[in-house]
Protein chains: 2
Amino acid sequence: MVERITRANGEASRRRILDAAAEIAGERGYAGTSISDVSSRSGLPKSSIYWHFSDKDALFAAVIEDSYERWLEEFNIRVSARDLTPQELVVLLHDSLADFPAFLRFGHLVILEWHDTELSARAKFLDIRRRSLQNMSAMFERTTGVDAPAAASLAAVALALVDGAFLARAAGENTLADSSALAAVLEAFVDRTRTI
Amino acid sequence: MVERITRANGEASRRRILDAAAEIAGERGYAGTSISDVSSRSGLPKSSIYWHFSDKDALFAAVIEDSYERWLEEFNIRVSARDLTPQELVVLLHDSLADFPAFLRFGHLVILEWHDTELSARAKFLDIRRRSLQNMSAMFERTTGVDAPAAASLAAVALALVDGAFLARAAGENTLADSSALAAVLEAFVDRTRTI
DNA sequence: TCCATAGTGGACCGATCGGTCCACTAACGA
DNA sequence: TCGTTAGTGGACCGATCGGTCCACTATGGA
């Protein structure tokens, strides 16, 4: 039995739905995004959305996964398999997220949004954050030479700075639009950590 | 003509509505909070809500203003009219926001949430942020002795750290639950700024 | 005491919500 | 060529949305 070839139309439609949903969800959050909105922005009827995804929860879980993968792909290109110092990493994170903001915008929203039933999208995003913190921590241990607890603290601070700067951008403030300020902060903190 | 005394019941109801709305809005955001939810949590009928507030937009604008004032009152007690260094301020901000999270939770949500019509709550929160940044900047100029641009950069970094740490707490991470890490970061950055 | 008014209770409105159903088309394998 | 199936179009569902309306109660001032 030959592997069934997926119809070109089906895959393309799934893409259009995910793109439209990611766009709107990054602007309005889970509760603020209606299936009808996704339908009209993607140009596909609601029945197509429910054919590709079982329900709203599953759709937005797929949106998180998909937009994360698309951002990660771009990010990995910029990293190009090097090990990075905290200040290098924070610059790459900041700049790549400024170019592909949909992923983190929706991510931040689902962190803050609670619902009666736990959202799959939220669980997925929290898992991505947890793994990212671990990766950053391990990398910082190698590139700065500090011990594991100090590296974990560095990672937490780096993530907080990136999140905070992203929020400031969303608020229309240009105070941290330049990533060099973040790098300077982390460099000072790394030096302080090393000398103690 | 004697000033008309407001009925005790009316003011108390307004309070209950604002408290209920702030609670739910901090969990679900603007779009995710329905007037029916506010009605049942406050125990007052919808007609009472619409008697006290003209519409949903006005209600949540009042929620931002009110929850800000209540947090600010508590914060000012802790500050006790001193001038603070960046590291002192960030600790007080972090801890007071951990104790009164409703204000910033909803604030972050309305930063990220967009709507067809600009939300009054969002505009109010952005204005509060702007004024806070100015106040922090002026204070840091006095307490650290750096020049105005450096003080503004310090304020932006301090705010980003507080926002980022708050988001990490909302995500259930305890990596930055202790505010001393934030203080250490800012102290290192202040020293670095001074010596340049 | 009696009227004016602040505020409550609840039925009700049209629009929209998430989701279902089913007829239908187009492309594929046999 | 023909039957199967992936995928589309659109009508439709009950529930809930933000908001309105109005009868009603309770209270304070005259």
Side-chain angles (χ1 to χ4, degrees), chain A residues 1-21 24-25 27-63 110 113 115-122, chain B residues 1-21 24-25 27-63 110 113 115-122:
Chain A
M1 181 61 186
V2 183
E3 182 74 19
R4 179 163 195 94
I5 307 292
T6 42
R7 300 252 188 110
N9 223 6
E11 273 306 301
S13 294
R14 194 187 141 93
R15 261 264 61 81
R16 284 165 62 193
I17 293 168
L18 283 173
D19 288 345
I24 308 177
E27 295 173 1
R28 304 196 212 271
Y30 180 88
T33 303
S34 74
I35 301 295
S36 296
D37 288 341
V38 176
S39 166
S40 45
R41 177 140 358 172
S42 68
L44 263 44
K46 294 205 294 174
S47 57
S48 288
I49 297 175
Y50 283 100
W51 193 90
H52 286 284
F53 306 95
S54 61
D55 56 16
K56 194 183 178 183
D57 181 68
L59 167 60
F60 286 96
V63 164
V110 294
E113 277 187 281
H115 295 80
D116 316 308
T117 61
E118 169 78 333
L119 255 77
S120 307
R122 185 175 135 96
Chain B
M1 181 61 185
V2 182
E3 181 75 20
R4 177 161 198 96
I5 307 294
T6 43
R7 298 256 188 108
N9 222 8
E11 272 307 300
S13 293
R14 195 186 140 92
R15 260 267 60 81
R16 283 165 63 192
I17 293 167
L18 283 174
D19 287 344
I24 308 178
E27 296 173 0
R28 307 195 209 272
Y30 180 88
T33 303
S34 75
I35 302 293
S36 297
D37 288 340
V38 176
S39 166
S40 44
R41 178 144 353 175
S42 67
L44 263 44
K46 294 205 294 174
S47 57
S48 288
I49 297 175
Y50 282 100
W51 192 90
H52 287 283
F53 306 95
S54 61
D55 56 16
K56 193 182 177 183
D57 182 67
L59 167 60
F60 286 95
V63 164
V110 294
E113 277 187 282
H115 295 81
D116 317 308
T117 60
E118 168 78 333
L119 259 88
S120 307
R122 185 176 136 96

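As the structure is a computational prediction, the values presented were derived from the model and not from experiment. All chains are named by letter (A, B, ...) in the order of the sequence lines, taking the proteins before the strands, and each is independently numbered beginning at 1.
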If you check the A:S47 side chain, which of C:dT8, D:dT8, D:dG19 turns out closest? D:dT8
What nucleotide, of D:dT8, C:dG18, D:dG18, holds the atom closest to the side chain of A:W51? D:dT8
What contact category does A:S39 fall into here, base, sugar-phosphate, or nothing, at under 4.0 angstrom with non-hydrogen atoms? nothing
Electrostatic pair B:R41-B:D37, nearest N-O below 4.0 angstrom: no
Between A:H52 and A:K46, whichever has its closest DNA chain D nucleotide further toward 5' is A:H52
How many Å lie between CG on A:L59 and P on C:dC17, as a whole number? 15 Å
In whole angstroms, the gap separating P of D:dC21 from CG of B:D55 amounts to 14 Å
Would you tell me if any nitrogen or oxygen in the side chain of A:S36 comes within less than 4.0 Å of OP1 or OP2 on C:dT16? no
Below the 4.0 Å mark, does D:dT8 have OP1 or OP2 next to a side-chain nitrogen or oxygen of A:S13? yes
Go through D:dT8, D:dC17, C:dT20 for me and flag the one nearest to the B:D37 side chain. D:dC17
Between B:Y50 and B:D55, the two heavy atoms sitting closest are CE2-CA, 3.8 Å
Does the distance from a Lys or Arg side-chain N to an Asp or Glu carboxylate O, for A:D116 and B:R28, drop under 4.0 Å? yes
Euclidean distance, atom CG of residue B:N9 to atom C1' of C:dG9 [Å, nearest integer]: 14 Å
Heavy-atom closest pair (A:S13 atom, A:L44 atom, distance to 0.1 Å) is CB-CD2, 3.3 Å
Roughly how many Å is it from CD1 in B:I49 to P in D:dC21, rounded to a whole number? 18 Å
Starting from C1' on D:dC17, measure out to CZ on B:F60 and report it in whole angstrom. 13 Å
Between D:dG9, C:dT8, C:dG18, which one does the side chain of B:L44 approach most closely? C:dT8
Is a donor-acceptor contact shorter than 3.5 angstrom present between the side chain of B:K56 and the base of D:dG19? no
Expressed as a whole number of angstroms, how long is the span from B:F53:CZ to D:dG18:P? 15 Å
Candidates D:dT8, C:dT20, C:dC17 - which lies nearest the side chain of A:S34: C:dC17
NE2 of A:H115 versus C1' of D:dT16: gap in Å, rounded? 15 Å
Nearest to side-chain heavy atoms of B:P45, which nucleotide of D:dT8, C:dT8, C:dT20: C:dT8
Using 0.5 Å steps for rounding, measure from the OG1 atom of A:T33 to the CD atom of A:E27. 8.5 Å
Calculate the interatomic distance between B:R16 atom CZ and C:dG9 atom P; express it in whole Å. 9 Å
